[in-house]
Asks: 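Take a look at the following structure, please.
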Amino acid sequence: MIPLSHIMCVDDEEDILQVTRLSLETVGGYHVTPCKGGAGALEMARRIRPNLILLDVMMPGMDGPSTFRVLQTDPEVAAIPVVFMTAKVQSSEVANYIKLGAVGVVPKPFDPMTLPKQVEALWETFQKKKNDR
Amino acid sequence: MTDDLMAPLRTKYVSKLRDRRPEIADFLALCQSGQPGPEVREEMRHKVHGLAGSGATYGFSRISTTARALEMALQSDSVIESSILVKLTQALLETCDQVLGGPPKSQS
């Protein structure tokens, strides 16, 4: 299984980017590249080629689902798994994100101590499904 | 993650909350004087969405709870009575004040 090492985080809130990075780097030991907002996500993803993208749903301008669709149109980054981060975690909403093509959803607000485990678990599930295909 | 690592971020977050407080107070005043317009409501909804999604992450779970309640009311399709918006906004403002150590002293 390919180990998870590099995560790109997309969020419009600077304080969320900071605490996400601190959590994933300090607790999880991952390398994190923050991206403020959806508009620059495609260019950054093409440049850094992360293993996984954490994508906020509600952002001004280009929201999470729109950003996701743009990422999907680019063959160079379309295969990178995307995990949505959102406060909207009713089962119908989660189902919609999965239907869209996300590999999972992390509820907001999150606990910085457990976020890396949540992300790791989603990564492992994604890898297993990929290997089973 | 140790508190040492979170402490500087938490301080910055509280500072942001201090900056946001007057906006919440202004919104409360608007609600108290009548029904705020759709643009104002949408702008406030976006602001409280950020607080709802971040408060508990920084250890302020009541910020998330009260902000989320106001966000839900603001995104409701049905018309919410001003009195309900007043109560929810007051609850958020009081929670902010608890985190900030009390309301700002009035200038007289």
Side-chain angles (χ1 to χ4, degrees), chain A residues 7 9-30 32 34 36-38 54-66 83-90 92-94 96-97 105-120, chain B residues 1-21 23-24 38-77 88 91-92 95-96 99-100:
Chain A
I7 301 169
C9 295
V10 186
D11 202 304
D12 63 307
E13 301 268 353
E14 187 64 38
D15 45 20
I16 288 294
L17 282 177
Q18 287 178 340
V19 76
T20 304
R21 186 177 192 177
L22 184 70
S23 163
L24 293 172
E25 289 191 344
T26 310
V27 182
Y30 304 117
V32 175
K36 194 165 180 189
L54 280 180
L55 182 57
D56 183 35
V57 168
M58 193 173 156
M59 295 185 285
M62 208 162 145
D63 66 8
S66 303
V83 172
F84 278 120
M85 295 181 85
T86 179
K88 294 182 175 181
V89 286
Q90 287 178 359
S92 60
E93 290 162 333
V94 172
N96 279 339
Y97 301 137
V105 176
V106 169
K108 275 172 132 183
F110 58 84
D111 178 353
M113 292 302 294
T114 58
L115 176 67
K117 278 189 179 172
Q118 286 176 276
V119 173
E120 182 73 37
Chain B
M1 184 161 29
T2 65
D3 274 353
D4 289 351
L5 287 168
M6 272 298 280
L9 290 185
R10 199 174 283 127
T11 303
K12 278 175 81 174
Y13 186 77
V14 170
S15 174
K16 176 187 160 179
L17 204 59
R18 187 166 280 113
D19 292 343
R20 190 131 294 179
R21 190 198 182 279
E23 297 167 347
I24 301 167
E39 282 180 17
V40 175
R41 286 165 59 117
E42 180 56 24
E43 194 182 334
M44 181 51 59
R45 186 177 76 85
H46 182 72
K47 285 172 182 169
V48 296
H49 172 81
L51 293 177
S54 59
T57 296
Y58 282 89
F60 306 117
S61 53
R62 268 191 64 79
I63 291 284
S64 282
T65 309
T66 50
R68 179 77 178 139
L70 180 55
E71 183 193 3
M72 298 278 277
L74 289 170
Q75 76 185 13
S76 171
D77 289 334
L88 294 172
L92 176 58
T95 308
C96 286
V99 172
L100 298 172

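Quick caveat: nothing in here was measured; it's all calculated off a predicted structure. As a basis for the values below, the full set of heavy atoms in this structure was taken, side chains included, without hydrogen atoms, waters or symmetry mates.
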Asks: Could you please spell out the steps behind the side-chain contact (heavy atoms from CB on, under 4.5 Å) verdict for Asp15(A) and Leu9(B)?
Replies: CA-CA 8 Å; Asp15(A) 45 20; Leu9(B) 290 185; over 6 Å; no

Asks: Report which part of Arg10(B) has an atom under 4.5 Å of a heavy atom belonging to chain A: side chain, backbone, both, or neither.
Replies: neither

Asks: With a 4.5 angstrom heavy-atom cut-off, could you sort out which part of Gln18(A) is near chain B: side chain, backbone, both or neither?
Replies: both

Asks: More than 12 foreign heavy atoms under 6.0 Å from NZ of Lys12(B): is that the case here?
Replies: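 Result for NZ/Lys12(B): open.
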
Asks: Under a 4.5 Å heavy-atom cut-off, does chain B meet the side chain of Asp11(A), its backbone, both or neither?
Replies: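 Nothing of Asp11(A), per the 4.5 Å heavy-atom cut-off to chain B.
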
Asks: Quick one, Glu13(A) with Lys16(B), criterion salt bridge (Lys or Arg N to Asp or Glu O under 4.0 Å). Give me CA distance, side-chain angles, the key distance, then yes/no.
Replies: CA-CA 11 Å; Glu13(A) 301 268 353; Lys16(B) 176 187 160 179; 2.8 Å; yes

Asks: With a 4.0 Å cut-off on N to O distance, would you call Lys117(A) and Glu120(A) a salt bridge?
Replies: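 No salt bridge links Lys117(A) with Glu120(A).
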
Asks: In this structure, which one of Val10(A), Asp63(A), Val83(A) forms a side-chain contact (heavy atoms from CB on, under 4.5 Å) with Leu55(A)?
Replies: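 Option passing the side-chain contact (heavy atoms from CB on, under 4.5 Å) with Leu55(A): Val10(A).
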
Asks: Is chain B contacted by the side chain of Pro107(A), its backbone, both, or neither, given a heavy-atom distance below 4.5 Å?
Replies: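 Pro107(A) has no heavy atom closer than 4.5 Å to chain B.
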
Asks: Tell me, side chain or backbone of Ala52(B) under 4.5 Å from chain A's heavy atoms, or both, or neither?
Replies: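 Only the backbone of Ala52(B) comes within 4.5 Å of chain A.
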
Asks: Non-hydrogen atoms of chain A under 4.5 Å away: do they reach the side chain of Ser54(B), the backbone, both or neither?
Replies: both

